[in-house]
Amino acid sequence: VGLYANLLGINLNNGRGNSAVYDLSGGRLNLGSGGINNQASKSIRIGNATLGAFGNWTSTKSITLTGTGPLTVDTLDSANGTTARNISLSGGITETAPTGIIKVGAGTLGVAGSISYTGDTVIDGGKFLPGPSLTSSKMIVNAGGSLGAGTVTTAGLSVVGDIELNGGNLALRVGTPFDQLDALSVNVVSASTIEIVPSQQLNVDDEFVVLKYASLDGLGFAGLSPATLPNPHYSASLIDDTVSSQVILKVTGADSLIWTGSDSSTWDVNSTSNWKLVSALPATTSSKFYDSDVIIFDDSSSVGNITL
């Protein structure tokens, strides 16, 4: 109660079948890669406490929220304060009294399984992934926070209840498969963004339905804009399909790269300008390589041996 603990993991499936409860009331628990495994006779109860990480970890055990205060989940590495970590609560989340979740810190929290907590999900930092279905909790996305879809490992559809956007971001993976949020209502309280994260090479005129809604309120579609893409060689626009009540992201530009080796023989990511843009030909405009770039080796470079 009220303590600060660092554990590599919690092994509930330790060969003992006795009933037992791990009760975290207040304080903070940081876990490493061991995470929390499942055992039917054991249970995890949390109230007014913080879960953190010094490694990426998963819980396959259902977690019960006690209603004594919100569960705060901080995915910024508790040891070095710089690494964004992934926490996956895949065993489900229940409650004994209305309880919410607050997501803070760089990194990603994903939930899945049977989820029935009814308090608000407040996303103040990093990304929250609601899994296949989370309709019992209103999601409030504040500046610095991002709401995605699917799970930590897999892009996909998330059916959710109400979303409130307060300067936050919808961050959705696009490719095959791609993320999609299917919401009851979306209230755009202040200007917010939709960001795509390419999981494969994209083509001009590719379209992805990233958000479906029953109602789009507040500032509405006018309050949404595409965020700057992590790969600057792509550009995109948003389309409000009011007939089908959905927001479509359309790829409007996709540039390709030609290998030059002008700086070195190293092929790295977002570091060395050993490429040139096809769109600038015949001029030479140097560029770095980014994930999901389309690349060309046309024998125009004298640097034929490449270091990965």
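No hydrogens, no waters, no symmetry mates; every other heavy atom, side chains included, goes into these values.
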K.L.:
Within the distance-only criterion (no hydrogens, no angle test), does the side chain of Asn203 pair as donor or acceptor with the backbone N or O of Asp206 below 3.5 angstrom?
P.N.:
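Not confirmed, Asn203 side chain does not pair with Asp206 backbone.
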K.L.:
For Glu95 and Thr118: C-alpha separation, side-chain torsions, deciding distance, then whether side chain to side chain donor-acceptor pair (under 3.5 Å) applies.
P.N.:
CA-CA 8 Å; Glu95 66 181 11; Thr118 58; 2.6 Å; yes
K.L.:
Other residues, nucleotides and ligands only: do more than 12 of their heavy atoms fall within 6.0 Å of CG on Asn18?
P.N.:
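Atom CG in Asn18 is crowded, with more than 12 foreign heavy atoms closer than 6.0 Å.
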K.L.:
Hydrophobic cluster membership, with links at side-chain heavy-atom distances under 4.5 Å among I/L/V/M/F/W/Y: are Leu129 and Phe208 in one?
P.N.:
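No, Leu129 and Phe208 fall in different hydrophobic clusters.
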K.L.:
Using the side-chain contact (heavy atoms from CB on, under 4.5 Å) rule, take Val247 and Val209 through it: C-alpha gap first, then chi angles, then the decisive distance, then the call.
P.N.:
CA-CA 6 Å; Val247 175; Val209 177; over 6 Å; no
K.L.:
Can you tell me if Thr75 uses its side chain to pair, donor with acceptor, with the backbone of Gly105 under 3.5 Å?
P.N.:
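Present.
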K.L.:
Could you verify whether a donor N or O on one side chain and an acceptor N or O on the other, from Asn38 and Asn13, lie under 3.5 Å apart?
P.N.:
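No donor-acceptor contact under 3.5 Å links the two side chains.
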K.L.:
Do the charged groups of Asp124 and Lys103 touch, with an N to O distance under 4.0 Å?
P.N.:
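Result for this pair is no, no salt bridge flagged.
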K.L.:
Using the side-chain contact (heavy atoms from CB on, under 4.5 Å) criterion, which residues pair with Ser137? Sequence neighbours excluded.
P.N.:
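Expected list: Tyr117, Thr121, Leu134.
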K.L.:
Does any non-hydrogen side-chain atom of Ile258 lie less than 4.5 Å from one of Ser300?
P.N.:
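The answer is yes, as the side chains (C-beta and beyond) meet within the 4.5 Å cut-off.
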K.L.:
With hydrophobic residues grouped by side-chain heavy-atom distances under 4.5 Å, do Val122 and Val111 end up in a single group?
P.N.:
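The answer is no; the residues belong to distinct hydrophobic clusters.
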K.L.:
Under 3.5 Å, is there a donor-acceptor pair between the side chain of Lys212 and the main chain of Ser245?
P.N.:
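No, because the side chain of Lys212 does not come within donor-acceptor range (under 3.5 Å) of the backbone of Ser245.
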K.L.:
Do Lys276 and Ser287 have side chains that get closer than 4.5 Å, going by heavy atoms?
P.N.:
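With C-beta onward as the side chain, the pair stays apart.
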K.L.:
Roughly how far apart are Asn30 CG and Thr50 OG1, rounded to 0.5 Å?
P.N.:
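OG1 of Thr50 is found 9.0 Å from CG of Asn30.
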K.L.:
For Tyr213 and Asp240, does a side-chain donor sit closer than 3.5 Å to a side-chain acceptor?
P.N.:
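Result is yes, a qualifying pair exists.
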K.L.:
Side chains of Ser25 and Asp23: is there a donor and an acceptor less than 3.5 Å apart?
P.N.:
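No pair is found: no donor N or O on one side chain lies under 3.5 Å from an acceptor on the other.
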K.L.:
Would you kindly say whether Asp162 and Ser185 are connected by a side-chain donor-acceptor distance under 3.5 Å?
P.N.:
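Indeed, the side chains of Asp162 and Ser185 share at least one donor-acceptor pair under 3.5 Å.
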K.L.:
Would you say Leu65 ends up clustered with Ile102 if hydrophobic residues are merged whenever their side chains have heavy atoms under 4.5 Å apart, either directly or through other cluster members?
P.N.:
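Different clusters.
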K.L.:
Using 30° and 60° as the class boundaries, would you call the ring planes of Phe289 and Trp275 parallel, tilted or perpendicular?
P.N.:
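Phe289 and Trp275: tilted rings.
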K.L.:
Just by distance, with hydrogens left out, do Asn274 and Thr272 show a side-chain donor and acceptor under 3.5 Å apart?
P.N.:
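Side-chain D/A pair, Asn274 to Thr272: absent.
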K.L.:
Hydrophobic cluster membership, with links at side-chain heavy-atom distances under 4.5 Å among I/L/V/M/F/W/Y: are Leu224 and Leu219 in one?
P.N.:
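In one cluster: yes.
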K.L.:
Please lay out, stage by stage, how Val294 and Val278 fare under the test side-chain contact (heavy atoms from CB on, under 4.5 Å).
P.N.:
CA-CA 10 Å; Val294 178; Val278 169; over 6 Å; no
K.L.:
Kindly indicate whether the side chain of Asn48, heavy atoms from C-beta on, has any atom under 4.5 Å from the side chain of Thr66.
P.N.:
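Sidechains of Thr66 and Asn48: no contact.
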K.L.:
Just by distance, no angles: are the side chains of Thr64 and Thr94 close enough, under 3.5 Å, to form a donor-acceptor pair?
P.N.:
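Distance-only check passes for Thr64 and Thr94.
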K.L.:
Using a 4.5 Å cut-off on heavy atoms from C-beta on, say whether the side chain of Phe221 contacts that of Leu238.
P.N.:
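Result yes, sub-4.5 Å side-chain heavy-atom pair found.
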K.L.:
Would you please say whether a donor-acceptor pair under 3.5 Å links the side chains of Ser146 and Glu195?
P.N.:
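Their side chains do not contain a donor-acceptor pair, so the 3.5 Å distance test is not met.
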K.L.:
Report the residues that fulfil side chain to side chain donor-acceptor pair (under 3.5 Å) with Ser235, sequence neighbours left out, ordered by chain and then residue number.
P.N.:
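With neighbours one apart ignored, the set is Thr252.
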K.L.:
Kindly compute the distance separating CD1 (Ile140) from CG (Asp120), expressed to the nearest 0.5 Å.
P.N.:
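That separation rounds to 4.0 Å.
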K.L.:
Under 3.5 Å, sequence neighbours excluded: what are the donor-acceptor pairs made by side chains of residues 176-184?
P.N.:
| unit_1 | atom_1 | unit_2 | atom_2 | d |
| --- | --- | --- | --- | --- |
| Asp179 | OD1 | Gly156 | N | 2.9 |
| Asp179 | OD1 | Arg173 | NH2 | 3.3 |
| Asp179 | OD2 | Arg173 | N | 2.8 |
| Asp179 | OD2 | Arg173 | NE | 2.8 |

K.L.:
Checking side-chain polar atoms at under 3.5 Å, does Ser88 have a donor or acceptor matched by the opposite partner on Ser90?
P.N.:
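No.
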K.L.:
Say you draw a straight line from OG1 of Thr228 to CG of Asn231; how long is it, rounded to the nearest 0.5 Å?
P.N.:
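With rounding to 0.5 Å, OG1 (Thr228) is 12.0 Å from CG (Asn231).
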K.L.:
Rounded to the nearest 0.5 Å, what separates atom CD1 in Ile163 from atom CG in Leu165?
P.N.:
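The CD1 atom of Ile163 sits 6.5 Å away from the CG atom of Leu165.
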K.L.:
Give, for atom CG of Leu257 and atom CG of Leu277, the distance between the pair rounded to the nearest 0.5 Å.
P.N.:
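Going from CG on Leu257 over to CG on Leu277, the span is 6.0 Å.
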K.L.:
Going by distance alone, is a donor N or O of one side chain under 3.5 Å from an acceptor N or O of the other, for Asn305 and Ser265?
P.N.:
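Side chains of Asn305 and Ser265: no pair found under 3.5 Å.
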K.L.:
For Thr260, does its backbone N or O pair with a side-chain atom of Ser301 as donor and acceptor, under 3.5 Å?
P.N.:
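Checking the backbone N and O of Thr260 against the side chain of Ser301, a donor-acceptor pair under 3.5 Å is found.
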K.L.:
Closer than 3.5 angstrom, by distance alone: can the side chain of Ser158 be matched with the main-chain N or O of Ala149 as a donor-acceptor pair?
P.N.:
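Not confirmed, Ser158 side chain does not pair with Ala149 backbone.
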K.L.:
Would you tell me whether His233 and Ser256 have side-chain atoms, one donor and one acceptor, within less than 3.5 Å of each other?
P.N.:
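The criterion, which ignores hydrogens and geometry beyond distance, is not satisfied for Ser256 and His233.
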K.L.:
Without hydrogens or angle criteria, can the side chains of Asp268 and Thr266 be said to hold a donor-acceptor pair below 3.5 Å?
P.N.:
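No, Thr266 and Asp268 have no side-chain donor paired with an acceptor closer than 3.5 Å.
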K.L.:
Name the one of Val160, Asp217, Leu211 that satisfies side chain to side chain contact (heavy atoms under 4.5 Å, CB included) with Val186?
P.N.:
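Considering Val160, Asp217, Leu211, a side chain to side chain contact (heavy atoms under 4.5 Å, CB included) with Val186 is found only for Leu211.
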K.L.:
Quick one: does Asn56's side chain have a donor or acceptor within less than 3.5 Å of a partner on Asn86's backbone?
P.N.:
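Present.
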K.L.:
Taking atom types as modelled, is there a side-chain donor on Asp255 or Ser279 under 3.5 Å from an acceptor on the other?
P.N.:
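Judged by distance alone, the side chains do pair up.
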K.L.:
Flag the pair Leu147 / Lys127 as yes when at least one side-chain heavy-atom distance between them is below 4.5 Å, and no otherwise.
P.N.:
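With C-beta onward as the side chain, the pair stays apart.
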K.L.:
Output yes when a side-chain donor or acceptor of Thr99 lies under 3.5 Å from a complementary backbone atom of Pro70, and no otherwise.
P.N.:
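Checking the backbone N and O of Pro70 against the side chain of Thr99, no donor-acceptor pair under 3.5 Å is found.
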K.L.:
Is the closest side-chain heavy-atom distance between Val174 and Val197 below 4.5 Å?
P.N.:
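When only atoms from C-beta onward are counted, Val197 and Val174 do not touch, as no gap falls below 4.5 Å.
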K.L.:
Let me see the working for Asp293 and Asp291 under side-chain contact (heavy atoms from CB on, under 4.5 Å), right down to the final yes or no.
P.N.:
CA-CA 6 Å; Asp293 268 330; Asp291 286 335; over 6 Å; no
K.L.:
Spell out, yes or no, whether Ile248 and Val204 are grouped together once hydrophobic residues are joined by side-chain heavy atoms under 4.5 Å, including indirect joins.
P.N.:
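No, separate clusters.
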K.L.:
Please round to the nearest 0.5 Å and tell me the distance separating atom CG of Asn169 and atom CD1 of Ile123.
P.N.:
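Result: 10.0 Å between the selected atoms.
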K.L.:
Has the side chain of Lys61 got a donor or acceptor atom that lies under 3.5 Å from a matching backbone atom of Lys42?
P.N.:
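Judged by distance alone, yes, a pair lies under 3.5 Å.
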K.L.:
Can you tell me if Asn166 and Glu164 form a side-chain donor-acceptor pair at under 3.5 Å?
P.N.:
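Yes.
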K.L.:
For a side-chain contact (heavy atoms from CB on, under 4.5 Å) check, start with the C-alpha distance between Lys250 and Ser237, then their side-chain angles and the critical distance, and finish with the verdict.
P.N.:
CA-CA 5 Å; Lys250 181 175 182 177; Ser237 63; 4.2 Å; yes
K.L.:
Less than 4.5 Å apart, side chain to side chain, heavy atoms only: is that true for Arg28 and Asp74?
P.N.:
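Side chain of Arg28 against side chain of Asp74, heavy atoms only: contact under 4.5 Å found.
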K.L.:
Would you call the rings of Phe297 and Trp259 parallel, tilted or perpendicular, where under 30° means parallel and over 60° means perpendicular?
P.N.:
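It falls in the tilted class, 30° to 60°.
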